[in-house]
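Structure, as structure tokens:
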Amino acid sequence: MTQTKAPREQSAQQRAADVREGAEQWMLAYRLMLRIRFFEEQVNDLYRTARMPGLAHLYSGEEAVAVGVCQALRPDDYITSTHRGHGHCLAKGASIDRMFAELLGKEPGYCRGKGGSMHIADQETGNLGANAIVGGSAGIATGAAFSSKMLGTGQVAVCFFGDGALGQGVLYEVMNMASLWKLPILYVCENNLYNEYTHNAETTAGSMLARAQAFNIEAEEIDGQDVRLVYATAQRLVERARRGDGPGFLLANTYRFHGHHVGDIQRTYYRSKEEEEYWKAERDPITILGNWLLEEHVADAAQLERIRSEAQEEVTAGVEFGLNAPFPEISEVTEHVYA
Amino acid sequence: MTQTKAPREQSAQQRAADVREGAEQWMLAYRLMLRIRFFEEQVNDLYRTARMPGLAHLYSGEEAVAVGVCQALRPDDYITSTHRGHGHCLAKGASIDRMFAELLGKEPGYCRGKGGSMHIADQETGNLGANAIVGGSAGIATGAAFSSKMLGTGQVAVCFFGDGALGQGVLYEVMNMASLWKLPILYVCENNLYNEYTHNAETTAGSMLARAQAFNIEAEEIDGQDVRLVYATAQRLVERARRGDGPGFLLANTYRFHGHHVGDIQRTYYRSKEEEEYWKAERDPITILGNWLLEEHVADAAQLERIRSEAQEEVTAGVEFGLNAPFPEISEVTEHVYA
Amino acid sequence: MSTPSVVSSQSSQAGTGQMREVTLGQAIRETLAEELRRDPTVFIMGEDVAEAGTPFKVLSGLVEEFGPQRIIDSPISEAGISGLGVGAAMTGMRPIIDIMFGDFIGLAMDQIVNQAAKVHYMSGGKLRVPLVIRTTLGATRRTAAQHSQSLHAWVSHIPGLKVALPSTPYDAKGLLKTAIRDDNPVIFFEDKMMYQLKGQVPDDDYTIPFGVADVKRAGTDITLVATSSMVQIALAAAEQLAELDISAEVVDPRTTTPLDKETLIASAQKTSRAIVIDEGYERYGVTAELAAVIADGAFYYLDAPVKRLGAMDVPVPFSPVLEDQTVPTAEAVTQLAKTLCGRV
Amino acid sequence: MSTPSVVSSQSSQAGTGQMREVTLGQAIRETLAEELRRDPTVFIMGEDVAEAGTPFKVLSGLVEEFGPQRIIDSPISEAGISGLGVGAAMTGMRPIIDIMFGDFIGLAMDQIVNQAAKVHYMSGGKLRVPLVIRTTLGATRRTAAQHSQSLHAWVSHIPGLKVALPSTPYDAKGLLKTAIRDDNPVIFFEDKMMYQLKGQVPDDDYTIPFGVADVKRAGTDITLVATSSMVQIALAAAEQLAELDISAEVVDPRTTTPLDKETLIASAQKTSRAIVIDEGYERYGVTAELAAVIADGAFYYLDAPVKRLGAMDVPVPFSPVLEDQTVPTAEAVTQLAKTLCGRV
Ligand SMILES: Cc1ncc(C[n+]2csc(CCOP(=O)(O)OP(=O)(O)O)c2C)c(N)n1
Ligand SMILES: Cc1ncc(C[n+]2csc(CCOP(=O)(O)OP(=O)(O)O)c2C)c(N)n1
Ligand SMILES: [Mg+2]
Ligand SMILES: [Mg+2]
């Protein structure tokens with residue numbers, strides 16, 4: 001499960017062309033990944049300083065998956081997300097300030113403070129919502145793809161979920177339907193090796209890829225730390241789905257740098273410090289892309305540093321906005337139960 | 001999905017040895033299949049003459065699956081069954097009279113009349129119960145296999161289900177666990193082409209076998225009308241499971257001769273008369289075994305005829321027993337809610 | 001069971017056109033056909049809904065008119081189709097999901113309760129789930145414990161869901177139209193044994209608002225609150241009671257959520273006695289809520305405790321002699337009403 | 001919330017040994033350890049139950065003593081592990097299945113309700129399902145709508161299931177022992193917010209029979225029937241009421257099914273007033289059944305209608321300012337009790 005494919009071999013010419021063509025996109029990817037990283041570090045800080053109610057599940061380390069996949073999407077394409085959803089929201093275009101407001105239970109939050117970290121939804125960016133039920137959005141995403149097909153809108157739906165969601169039967173139920181009806185959907189399994197505090201070797205028999213292939217779904221396993229590879233593969237599967245050639249399944253191997261949630265500090269009983277260090281040092285998707293940008297002379301160190309500080313500023317401004325925002329009126333508690 | 005493997009090629013010598021060795025078993029298989037056939041014809045008659053409450057799902061045509069698999073089991077091995085469960089019960093050793101009593105809601109029935117056709121259970125023959133929820137017994141069978149492993153009893157559990165149950169997510173959840181923990185279980189998918197009134201080509205994407213293989217489960221697809229092949233394959237998978245080498249999945253291609261249930265008379269909108277005639281004329285498991293017994297001189301026509309009439313007599317006696325049996329006392333309605 | 005229902009509110013809500021006699025099953029079918037014609041975003045998905053028209057044959061003919069793109073046979077995946085319905089509802093469609101037997105909603109409870117019911121609220125009012133889940137309830141069909149339950153109490157309990165239980169062809173049609181046009185998830189329970197029940201429906205398009213109880217028969221001595229399958233039982237009991245000079249008022253809430261508390265309470269205040277009858281298990285069932293609401297709201301008017309008749313608290317047995325014990329009968333209602341009215 | 005509970009029935013049921021102070025979480029853990037030691041057929045299965053000891057850390061240390069063969073980390077498959085538990089229970093084991101959040105039982109409802117609850121009855125009394133499903137309830141943890149529900153009304157509704165809701169360490173231990181030794185499926189709900197609550201438990205082995213309510217505090221003016229998380233709220237309200245010279249009796253049913261109707265009714269008959277408090281959604285929830293039972297059984301003794309306080313009928317919101325509105329508070333109970341006692 002842990003082997004990952006290297007980016008395909010390319011001719012030097014081809015590569016130079018790709019670099020030129022992709023330069024703007026990869027610079028944006030770099031910015032988006034940093035935005036997510038700084039956002040999450042700020043969330044962690046809010047938790048540690050007891051300024052945020054409840055918990056949150058940080059996406060740091062997995063940024064290339066959300067960003068690479070969402071770069072392959074149209075603005076009106078749909079995504080569904082998970083308990084570890086901040087990265088997906090941001091990659092699909094959510095604004096930092098309204099996200100912080102939501103995490104803090106404030107009125108200008110995406111859900112007026114009613115959803116919180118695990119339920120951010122934003123229909124303007126096609127985000128049908130994070131979901132606190134593992135595998136809980138598989139049906140929703142498949143239904144969105146169904147709508148797209150029925151209404152002929154050409155939209156694709158992306159369903160993000162973790163390796164743990166492979167334990168949920170409903171995923172197989174809807175993958176079967178998506179395949180039967182050739183729905184325009186991409187199932188993205190973010191394999192970060194763990195279901196909470198349990199390694200997936202203990203919970204997941206056989207082959208993850210084969211679980212989708214059994215339903216005749218086009219499936220690929222890739223290194224989820226390489227945003228360019230994620231993008232290229234997602235692009236192929238998304239366009240295939242959009243053309244009506246049926247659903248795809250993308251198994252992206254990745255890693256979460258923090259604990260399962262912000263409060264998960266003692267982790268050595270389920271994963272080693274060495275493993276964590278290895279991923280942070282060698283497999284950080286931001287470093288990987290940054291190095292590539294430098295090597296290919298797409299950007300110089302100063303440019304990257306500028307992006308870094310801009311992203312940091314955006315996050316700082318966003319959290320200020322959230323902290324200063326008002327709570328909803330108490331009377332809102334009984335609003336929005338029914339439409 | 002519909003191709004079936006031919007019995008493996010054998011040398012003439014090997015075959016002769018097999019015949020001698022198997023003679024008694026195949027004669028018994030013939031008797032058991034006839035018993036099921038006549039039982040089901042009698043049930044149909046009870047329905048048509050309005051002597052049976054409710055409905056029933058007949059197993060006629062599929063006898064080789066239950067009989068072949070159960071011949072590979074120890075008496076204390078477990079089975080779980082389905083809404084189409086009479087064949088499984090009888091093959092595992094249930095008595096005809098108590099089954100009729102149950103179908104008629106009578107006190108000497110296996111469940112004192114409380115279960116009826118869809119819930120016959122008989123722990124003395126290891127039958128953990130038919131189940132009216134499609135896929136509903138997958139968890140139970142897997143749990144029985146788990147007990148066997150925990151208690152070290154060497155028992156194997158067989159989970160019978162129809163092709164329609166491949167739509168139920170819980171099946172994938174428990175197959176994953178069975179594989180992870182190498183539980184002694186055999187999943188038997190009786191693929192009779194239909195989910196009620198819908199062909200499984202409309203409901204089932206990809207490969208049925210691959211759905212088990214994805215979990216690293218040893219899977220085989222066979223002609224379910226050949227009881228000897230069913231036995232041989234089940235035997236191999238059951239003994240493998242019993243040894244602790246992990247679960248098996250047997251995809252048995254078969255056909256139900258009657259409607260989905262006794263009341264399903266008009267069937268041409270979902271399957272053709274020709275298809276039905278083909279299976280009855282060419283693929284009747286009882287005829288197939290009967291012909292083989294004659295060809296191999298295991299039995300002559302008179303012997304087979306004797307078995308036929310004995311089986312018919314058993315069924316006739318059984319239905320008489322059921323019809324004459326008393327209903328349970330009305331006070332029983334509140335008994336057995338709690339143990 | 002053949003007592004004709006007195007649909008008192010009918011004339012007030014119906015259009016001005018002709019009335020026709022149809023069965024409850026027909027009423028459902030023609031409502032679906034009318035809504036499928038009216039709104040191209042409506043579709044039906046479920047097991048054996050197309051050519052087979054469901055095992056109850058309620059949907060027969062729809063696939064011929066609307067085609068297999070809109071009347072969709074699904075795999076046997078109750079959770080999956082419910083989840084797909086939620087997502088489709090959030091993105092512009094109005095799905096009608098068919099769950100063959102109400103007993104199977106256990107398979108879909110997570111999708112119904114954690115997804116459908118909560119999406120609107122959790123998103124701060126932005127996303128909507130105009131989803132209808134049609135399913136069945138009711139026993140006495142000799143189909144035993146896993147095909148005979150009336151589990152509407154579960155969903156009635158969940159904020160964000162609406163729950164409708166028609167008891168006549170007229171109500172079935174008007175409530176189902178409302179359900180389909182509603183922007184919220186609605187669970188619609190049909191009594192399997194009532195599909196052949198006949199009644200008048202208007203030719204004109206009409207809807208019945210949710211949360212409006214219907215007085216199926218007016219009376220002065222005792223209130224019989226009854227739902228779904230139990231309405232005909234209550235009406236039959238009212239007939240029997242009339243012969244004993246006890247005037248029973250039969251009130252059908254029609255939707256458990258929202259609940260028309262006012263009408264229930266007003267009736268009990270007027271009659272000073274009430275029995276609540278429902279085919280769900282009695283304990284922690286719908287009778288509990290309705291009885292508690294009435295006992296509270298009519299406290300100072302009641303001459304006797306509010307009594308409840310639900311299904312017996314046992315898994316439904318197969319044997320007819322046993323099964324028949326488990327469901328409230330007109331005789332049982334009559335007997336209890338007599339006792340409450342001091343006529344032992 | 002820190003009011004110490006007055007466990008009146010404790011001495012009568014406890015052994016003769018010493019008492020110790022433990023938290024509710026510790027009480028659960030040591031009960032499980034004792035039963036795992038006593039009976040080799042007991043095992044625990046669930047998500048992150050082994051080395052992690054669950055996210056609530058309630059099971060910490062068990063895998064070290066009993067090994068991964070008996071404390072089993074499962075895939076994230078609530079339906080699958082529940083189904084496996086049913087089958088294992090039918091064949092000689094006594095499984096304890098851990099469903100992390102009560103909100104997730106929707107995923108397992110079919111297994112719990114159509115399988116576990118019915119096997120014994122459907123088999124005419126032959127097969128048994130000695131299964132315990134441990135899960136949680138309760139809000140105010142800032143975990144929003146899908147992690148904050150108290151869904152015990154659903155399972156309380158189903159014949160064949162037993163449902164226990166401990167409110168003190170003493171009750172948790174005695175009820176859990178009974179659950180594990182019971183030959184029926186028992187759903188055991190623990191309040192997530194109460195794991196740190198301290199109380200006395202005896203050193204000796206003891207069990208608390210199901211269906212026996214406990215008077216947590218005796219009183220004469222009003223009965224407060226409260227379950228699980230709401231018992232401490234009721235006790236706090238009783239303290240506040242005492243200062244106003246209103247003597248409140250706090251009764252904890254401890255199991256909703258079976259229900260000790262007699263004790264509830266007798267208390268209300270004595271005090272002539274009752275409020276039922278439970279953290280499930282109010283509509284069609286546990287408060288409805290309890291209120292209906294009391295309103296019926298104490299009808300001729302009541303001076304005021306039986307009142308109910310459940311969770312607000314809204315999906316639980318994330319924002320603390322909103323979430324705190326949704327759960328009954330001691331102040332709300334006190335206020336309502338004052339009104340009922342005519343002290344406005
Ligand atoms: C149905 C369900 N079961 C259990 C949980 C508790 N839970 C929350 S996250 C999680 C682990 C999820 O693992 P994975 O899907 O791999 O996502 P990751 O956290 O690794 O991103 C669990 C068990 C849940 N939220 N929903
Ligand atoms: C969960 C569930 N959904 C639907 C049904 C209704 N139903 C009964 S049998 C059946 C078809 C089953 O098909 P299959 O599993 O292939 O078995 P077969 O009848 O062909 O033997 C259906 C849909 C059910 N009993 N349980
Ligand atoms: Mg993971
Ligand atoms: Mg079939």
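Heavy atoms only: backbone and side chains are in, while hydrogens, waters and symmetry mates are out. Protein chains get the first letters and strands the later ones, always in sequence-line order, with residue 1 at the start of each.
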So what's closer than 4.5 Å to chain D heavy atoms on [X]: side chain, backbone, both or neither?
X         : value
Leu166(A) : neither
Asn131(A) : both
Glu329(A) : backbone
Leu171(A) : neither

Is chain A contacted by the side chain of [X], its backbone, both, or neither, given a heavy-atom distance below 4.5 Å?
X         : answer
Ala52(D)  : both
Gln325(D) : side chain
Glu78(D)  : both

Practice prompt. Give, for atom CD of Glu107(A) and atom OG of Ser319(D), the distance between the pair rounded to the nearest 0.5 Å.
Written response: 10.0 Å

Considering non-hydrogen atoms only, spot the tightest contact between [X] and [Y] and give its length.
X         : Y         : answer
Thr334(A) : Val314(D) : CA-CG1, 4.1 Å
Phe318(D) : Leu104(A) : CE2-C, 4.2 Å
Tyr197(A) : Asp48(D)  : N-OD1, 3.1 Å

Practice prompt. Would you indicate whether Glu65(D), at its atom CD, is surrounded by more than 12 heavy atoms from other residues, nucleotides or ligands within a distance under 6.0 Å?
Written response: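 Count over threshold, so yes.
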
Worksheet item: Taking atom CD of Glu124(A) as the centre, does the number of heavy atoms from other residues, nucleotides or ligands within less than 6.0 Å exceed 12?
Response: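 No.
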
Worksheet item: For Glu196(A) and Met100(D), what are the C-alpha separation, side-chain angles and deciding distance, and is it a side chain to side chain contact (heavy atoms under 4.5 Å, CB included)?
Response: CA-CA 12 Å; Glu196(A) 280 195 355; Met100(D) 202 181 285; 3.4 Å; yes

With a 4.5 Å cut-off on heavy-atom pairs, point out which of [options] contacts chain A the most.
options                                  : answer
Leu107(D), Asp324(D), Asp313(D)          : Leu107(D)
Ala50(D), Pro315(D), Pro55(D), Ala145(D) : Pro55(D)
Asp73(D), Leu322(D), Ile76(D)            : Ile76(D)
Ser74(D), Pro320(D), Pro75(D)            : Pro75(D)

Discussion item. I need the residue from Ser331(A), Gly263(A), Gly105(A) with the largest number of non-hydrogen atom pairs under 4.5 Å to chain D.
Written reply: Gly105(A)

Discussion item. Quick check for you: among Gly113(A), Gly54(A), Gly109(A), Cys111(A), which has the greatest number of heavy-atom pairs under 4.5 Å with chain D?
Written reply: Gly113(A)

Fill in: CA sep, side-chain torsions, deciding dist, call: Gln146(D), His119(A), side chain to side chain contact (heavy atoms under 4.5 Å, CB included)
CA-CA 9 Å; Gln146(D) 296 173 337; His119(A) 301 289; 3.0 Å; yes

